[in-house]
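Only one structure is covered here, and it is reproduced in the block below.
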Amino acid sequence: MDVQKQVEGALEAYGNKRIGRREFLKLLGAAGVTAGAAGQLLATAHEAHAQAVNVGGTFIEGYDRDFNPLDPLKSPWADPGMNAVYEPLVSRDMEGRIVAFLAESYESSDAQWRFTIPQGRQFHSGADLTPQSVVDAIKVMMTTGEGQNASFYTAVSSVETDGSDVVVNLSTPKQGLGEVLATEYAYIPNVARRIEVGVGTFGAREADGTGPFRLTEYTTGSRVRVEKWAEYKGSGAPYFENRGAAHLDAVEWVPILEPSQRAAEIETGSVHAVKNPSPADVGRLQSNSDLVVIEFPETSNFFLLPNARKVEFGFDDVRVRRALSHAIDREGIVRAILNGRGEATRGPVSSGWKYYEPGVTAFNQHDPDLSASLLDEAGWTVGSGGVREKDGNRLAFTAINISNPIENQVMAAISSMLEEIGVSMTVESLEGAAFRERRPQADMFGFKWLWSVPADVVPLFIGNFQPKDHPDVAPVLAHFAEWSGARSEEELTAAASKLQLSVAELSVILPVYTPTTVWVHHKRVHGWRPNPHNLYPFYNDVWIEA
């Protein structure tokens, strides 16, 4: 590729918000463009962008799930509307670094994290944003039974105000607290208004945040709509260009639950953007000159959890769990069901995570012969009907999952693979509420988590659904404790490595695959910028050509 084409490509990517200033300068430097010339091109791009911004309009985004209430303190699943209605104290930039967001600035040490709260800000209801209102929200987050992920805050001894600052005091160091506070379940709502509205209906009937949009409609199965909050005075993350009120009048999210329908919705213009079209349609969308397709590994993992309490199936025996894992042809699943858009995972996280440990590839390789020998060694021999037996028990169990077109196919494929080694897995695909009710007592369940801090969420599933005192579970949770108490980036990296290797080796969960996240938007849309380090884009910069 010649220099001119490289420059044009970089300018287009920067203009469409697929890359930031730093990435733009790196690309031009690699192309041999001098720093001065690159700076001039950047200034020209800024000037052109400023002149071109169109104010108004409704941005419609096709979503790949149904909606949950936009309550960051209690919602069972974090949806993209949270990024429009609320703000976190800190966020991740395009390189994954923790930067100030709602907080004007922050400082961290082994003893405390300190956040300076801006003055003159309000919630949508008109209530003042104060250091005390932030403290009230964090206290709910860290309270067991109230907060969605209270276990992430065990290192926090107290939260208090100090003038215009919020001070989070630590009983033990926690370098990873910034990662926790950048997640959707740490966004700051008005807790007082949440109580007035009612915890069960907050986020659906009404939401009260400090973001650039306010909730105006929440209809499960139909749409979520937010409208511009003209009084928004925040600046948001430093990588935003728009420091004031939103360019858009409104944002709407519509659920498109069937993957095969998503491509048609954006091709016909019914939506301006869509998440995760069917893998079979991505190639066609990429060839459409009116569309932009962005792909990167999702911060997720689809895994199976064989309940180690189910001793009648041998799930307490690492040999049995490893045998099940070695029977799974992960590459075949990615190739046949995901159309190659994903990666087989040997450990509990994808290679896209910045703390990924590549040593996990030594484990969980597809090897049915090894599966058979492990089961033989564990005393499970082939019995009547080809199903293995031991001490009068048949290795025949039920696995549940949340019904989903892709994941249902994955579960069916795994069932067939296990049948080849003499294991009978009956699959029941359930609606979300029924799945959550059955999950604690299930023989096995399949589930795809989506979370930007895998080292927090993976042990959460293991600790909640495996016996904590099991000799294969305890080491994993110990490594999580190391992550939680890390004092530096180096310690975070070391703890994350040990956590991933122990999960892969001990098979307390059986990782299967991580899909590629595919975001598609029309070229008339600008400033909609999916970030591989955050779950969803923000909407402060988004505008649509007239």
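Worth saying up front: this structure is predicted, and the values here are computed from it rather than measured. We're numbering straight along the sequence, starting at 1.
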Tightest non-hydrogen contact, residues L510 and P306, listed as CG-CD, 4.1 Å

Among Y539, F59, Y218, Y536, which residue meets the ring pair (Phe, Tyr, Trp, His ring centres under 6.0 Å) test with W253? Y539

Apply the side-chain hydrogen bond (donor to acceptor under 3.5 Å, both in side chains) test between S452 and each candidate in R92, H533, E179, E184; give the one that qualifies. R92

Would the number of heavy atoms belonging to other residues, nucleotides or ligands and lying under 6.0 Å from CD of E419 be above 12? no

So, does K310 use its side chain to make a donor-acceptor pair with the main chain of F315 at under 3.5 Å? no

Would S270 and I60 count as a side chain to side chain contact (heavy atoms under 4.5 Å, CB included) here? Give the steps. CA-CA 8 Å; S270 298; I60 304 175; over 6 Å; no

So, R262 side chain and N276 main chain: donor-acceptor pair closer than 3.5 Å or not? yes

Quick note, ring pair (Phe, Tyr, Trp, His ring centres under 6.0 Å) partners involving residues 61-87, not counting sequence neighbours, are none

Donor-acceptor pair, distance only, cut-off 3.5 Å: does the side chain of N242 make one with the backbone of A245? yes

Quick check against the 3.5 Å criterion: does N307 have a side-chain atom that pairs as donor or acceptor with the backbone of A442? yes

Donor-acceptor pair, distance only, cut-off 3.5 Å: does the side chain of D208 make one with the backbone of H124? yes

Can you tell which of W451, F480, F447 makes a ring pair (Phe, Tyr, Trp, His ring centres under 6.0 Å) with F461? F447

So, are D71 and R194 salt-bridged, with charged N and O less than 4.0 Å apart? yes

Note: L477 and I462 closest approach over all heavy atoms is CD2-CG2, 4.4 Å

Describe, in one word, how the ring planes of F302 and Y513 are oriented to each other, choosing from parallel (under 30°), tilted (30 to 60°) and perpendicular (over 60°). parallel

Mind listing the closest non-hydrogen atom pair of E87 and G211 along with its distance? CG-CA, 3.9 Å

Take E295 and V282 through the test side chain to side chain contact (heavy atoms under 4.5 Å, CB included) and record every step on the way to the result. CA-CA 10 Å; E295 298 182 71; V282 174; 4.1 Å; yes

Does atom CD of E437 have more than 12 heavy-atom neighbours from other groups under 6.0 Å away? no

Would you please indicate if the ring centroids of Y185 and F152 are separated by under 6.0 Å? no

Would you confirm whether S350, through its side chain, and T514, through its main-chain N or O, come within 3.5 Å as a donor-acceptor pair? no

Tell me whether K74 contacts the main-chain N or O of V199 through its side chain, where contact means a donor paired with an acceptor under 3.5 Å. no

Could you label the plane-to-plane angle of the H526 and W543 rings as parallel, tilted or perpendicular, counting under 30° as parallel and over 60° as perpendicular? parallel

Sidechain-backbone polar pair: Q466 side chain, I509 backbone, donor-acceptor under 3.5 Å: no

Side chain to side chain donor-acceptor pair (under 3.5 Å) filter on R97, not counting sequence neighbours, yields D93, E95

Given H521, H272, H247, the one that forms ring pair (Phe, Tyr, Trp, His ring centres under 6.0 Å) with W528: H521

Under 6.0 Å between the ring centres of F101 and F538? yes

